[in-house]
Amino acid sequence: MSAAPKTRVPFTRRDAALLALAGGGAALFLWRAGSGPAGGWSWSAILSFFVRRDEAGGGPLPGILLEGLRTTLALSAWSMVLALVLGAAVGLLAARPQGGARPRLLRRLCAGSFVELLRNTPPLVLAFLFYFFVGDQLLAALGVEEAARALPRGGQRLLAALAAPPARLVAFASAVLTLALYEAAYIAEIVRAGVESVERGQWEAAYALGLSPRQRLARVILPQALRRSVPALAGQFISTVKDSSIVSVISIPELTFQAMEIMAGTQRTYEIWLTVFACYLLLCLALSLASRRLERRLSAGGRR
Amino acid sequence: MAFQADRCDPARAEAKVLGGVIVEARGLRKTFAGGIEALRGVSLAVRQGEVVVVVGPSGSGKSTLLRCLCGLETPDAGEVVTDGARLPGSRRDRDRIRTETGMVFQHFNLFPHLTALANVTLAPRLARGLPADRAEAEARALLGRVGLKDKTGAYPAELSGGQQQRVAIARALAMRPKVMLFDEATSALDPEMIGEVLEVMRGLAAEGMTMVVVTHEMGFAREAGDRVLFMDQGRIEEEAGAAEFFLSPRGERARRFLSRML
Ligand SMILES: Nc1ncnc2c1ncn2[C@@H]1O[C@H](COP(=O)(O)OP(=O)(O)OP(=O)(O)O)[C@@H](O)[C@H]1O
Ligand SMILES: [Mg+2]
């Protein structure tokens with residue numbers, strides 16, 4: 001398939017008028033918000049929450065919002081990877097290939113209850129459940145925190161950068177688990193639909209050529225299924241970033257949690273939430289653009 | 001059963017010498033869900049180097065027969081023996097039949113995410129364990145043989161129907177099958193592309209490939225076929241040398257079928 005023809009859209013007078021109207025509206029909103037009870041905008045304070053000066057006279061240090069951003073990124077990244085692996089596994093368990101037999105009852109039951117259990121409960125409730133059961137009971141019993149503390153200094157620093165420092169590792173892990181399981185339920189359905197959308201003839205050609213069941217799936221079916229699922233998977237990844245704000249309820253110091261902390265301390269409500277809004281928007285927009293790119297690159301190769 | 005292809009065909013310069021039986025089906029029966037009896041006791045034996053053409057009206061069970069021969073369909077009764085491997089049988093037998101039987105589908109079924117070359121090399125690398133460079137050299141030779149030397153890097157979506165079907169033939173040949181099955185290989189093609197695919201099939205037949213060909217191309221059946229099977233309602237109604245069948249079909253049904261096709 002060739003790329004869509006490029007059409008230049010002229011910028012007309014009507015566009016200019018609409019743009020001016022939208023800009024005016026935004027300005028009015030900002031002015032109204034700025035003249036609220038707290039009076040006047042104060043953006044310089046916000047900047048100091050991103051980068052703060054070391055009290056001891058050293059260089060600049062990451063501020064509380066930047067820390068939150070890092071935590072949100074780490075949380076989302078771990079959850080996405082885990083959710084993709086889990087979701088793909090569950091989706092494959094449940095998939096019924098075109099022209100193939102229905103999967104066995106046990107498989108369908110396992111995959112079905114996984115999806116339905118997680119998809120039909122609020123993630124907020126899941127966050128609490130996992131925090132108290134998995135975090136407080138299971139991970140504590142496994143001695144995760146002690147194991148992390150036993151790491152050498154370099155290892156601890158790396159762990160803190162990629163996940164969380166030892167003291168908060170258990171909470172972080174249960175947050176990742178919450179998000180991963182919740183998103184995995186949706187990814188399982190996406191993968192299942194993708195596999196089931198691959199034509200029967202593809203399975204048959206692969207079978208007739210002598211490929212083993214695993215080779216048929218890995219080399220013929222999955223590449224096509226995942227390619228078709230890219231837009232839906234990207235949507236799910238974007239959801240993961242947005243849903244990560246939920247785990248602020250179990251005191252994970254991610255972006256939303258930090259914003260609430262700052263708000264409680266400074267009353268700079270509008271500035272904080274507008275800033276946080278922009279942070280999430282930029283993160284998700286970047287993901288969105290990346291997925292568009294990937295989609296275009298994949299369809300540049302042959303697709304029916 | 002004739003040991004040698006039809007001598008009465010004037011177009012054939014010399015009689016083809018056939019080998020021993022390589023594919024045999026005995027008493028195949030297949031009933032689909034819904035009670036449709038697609039096969040009601042079909043037996044046939046194909047000798048090495050023989051080209052057997054299967055014709056018959058729509059729904060007579062031709063595709064089901066081919067699918068049973070390559071293991072895509074499991075018959076309710078009866079068995080298939082290809083070069084000593086048996087179906088239904090052990091997993092090893094099934095795998096041997098799958099690799100030794102090449103199948104060409106009506107709708108090509110090329111892998112759309114792979115180039116023509118990768119389509120052809122995939123199975124030899126995975127199922128025959130050929131190293132990548134050897135598989136690629138063989139694939140290039142095969143693509144050259146079907147007249148697609150300059151299309152190795154093209155994806156299926158960038159190829160015409162006739163070109164896709166020729167890649168599909170090369171892909172099946174890459175497994176070095178002992179027998180090739182063609183299920184209406186030209187039915188999905190525009191008329192101007194049918195010729196190029198039949199040409200490749202004729203070439204294969206001339207090189208002595210054992211073939212079972214389901215087709216509505218009566219011209220091809222007459223020229224390239226050694227033997228014709230006429231199927232109707234899940235049975236082989238008539239079996240004759242190609243020239244004989246087209247000159248004087250015995251049964252009433254075959255006669256009516258031919259008068260519609262020619
Ligand atoms: N998977 C299936 N499920 C149910 N019925 C089937 C299935 N495959 C084939 N049939 C039925 O079995 C009968 C024989 O089908 P088959 O495809 O073998 O016929 P055919 O001779 O190849 O016909 P055509 O010339 O139209 O391809 C038909 O009545 C068909 O509807
Ligand atoms: Mg058919």
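Quick caveat, the model's predicted, so the values are computed rather than measured. Sequence lines set the chain letters: A, B, ... in the order given, protein chains first and strands last, and positions in each chain run from 1.
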Looking only at atom types and distance, does a side-chain atom of B:His113 sit under 3.5 Å from a main-chain N or O of A:Arg219, one as donor and one as acceptor? yes
Contact residues of residues 172-182 of chain B (partner chain A; heavy-atom separation under 4.5 angstrom): B:Ala172, B:Met175
Considering only heavy atoms, give the residues of residues 89-99 of chain B separated from chain A by less than 4.5 Å, sorted numerically, with 'none' for an empty result. B:Arg94, B:Arg98, B:Thr99
Select, from B:Val104, B:Thr101, B:Thr115, B:Leu72, the one with the greatest count of heavy-atom pairs under 4.5 Å involving chain A. B:Leu72
Kindly check if the number of other-residue, nucleotide or ligand heavy atoms within 6.0 Å of CZ (A:Arg292) is above 12? no
Taking non-hydrogen atoms and a cut-off under 4.5 angstrom, which of residues 125-135 of chain B neighbour chain A? B:Arg125, B:Leu126, B:Ala127
Closest approach of B:Cys70 to A:Tyr207 (non-hydrogen atoms, all atoms of both residues): O-CE2, 4.1 Å
CH2 (A:Trp78) with more than 12 external heavy atoms under 6.0 Å: no
Treating B:Asn109 as the side-chain partner and A:Gly201 as the backbone partner, does any N or O pair qualify as donor plus acceptor under 3.5 Å? yes
Taking only residues two or more places apart in sequence or in another chain, which ones pass side-chain hydrogen bond (donor to acceptor under 3.5 Å, both in side chains) with A:Asp15? A:Thr12
A:Val220/B:Leu114 under side chain to side chain contact (heavy atoms under 4.5 Å, CB included): CA gap, chis, key distance, verdict: CA-CA 9 Å; A:Val220 175; B:Leu114 300 177; 5.9 Å; no
In terms of heavy-atom proximity below 4.5 Å to chain B, should A:Arg216 be classed as side chain, backbone, both, or neither? side chain
Hey, could you give me the CD/CD distance between A:Glu204 and B:Glu73, rounded to the nearest 0.5 Å? 7.5 Å
Check whether more than 12 heavy atoms from other residues, nucleotides or ligands sit under 6.0 Å from atom CZ of B:Phe32, and answer yes or no. yes
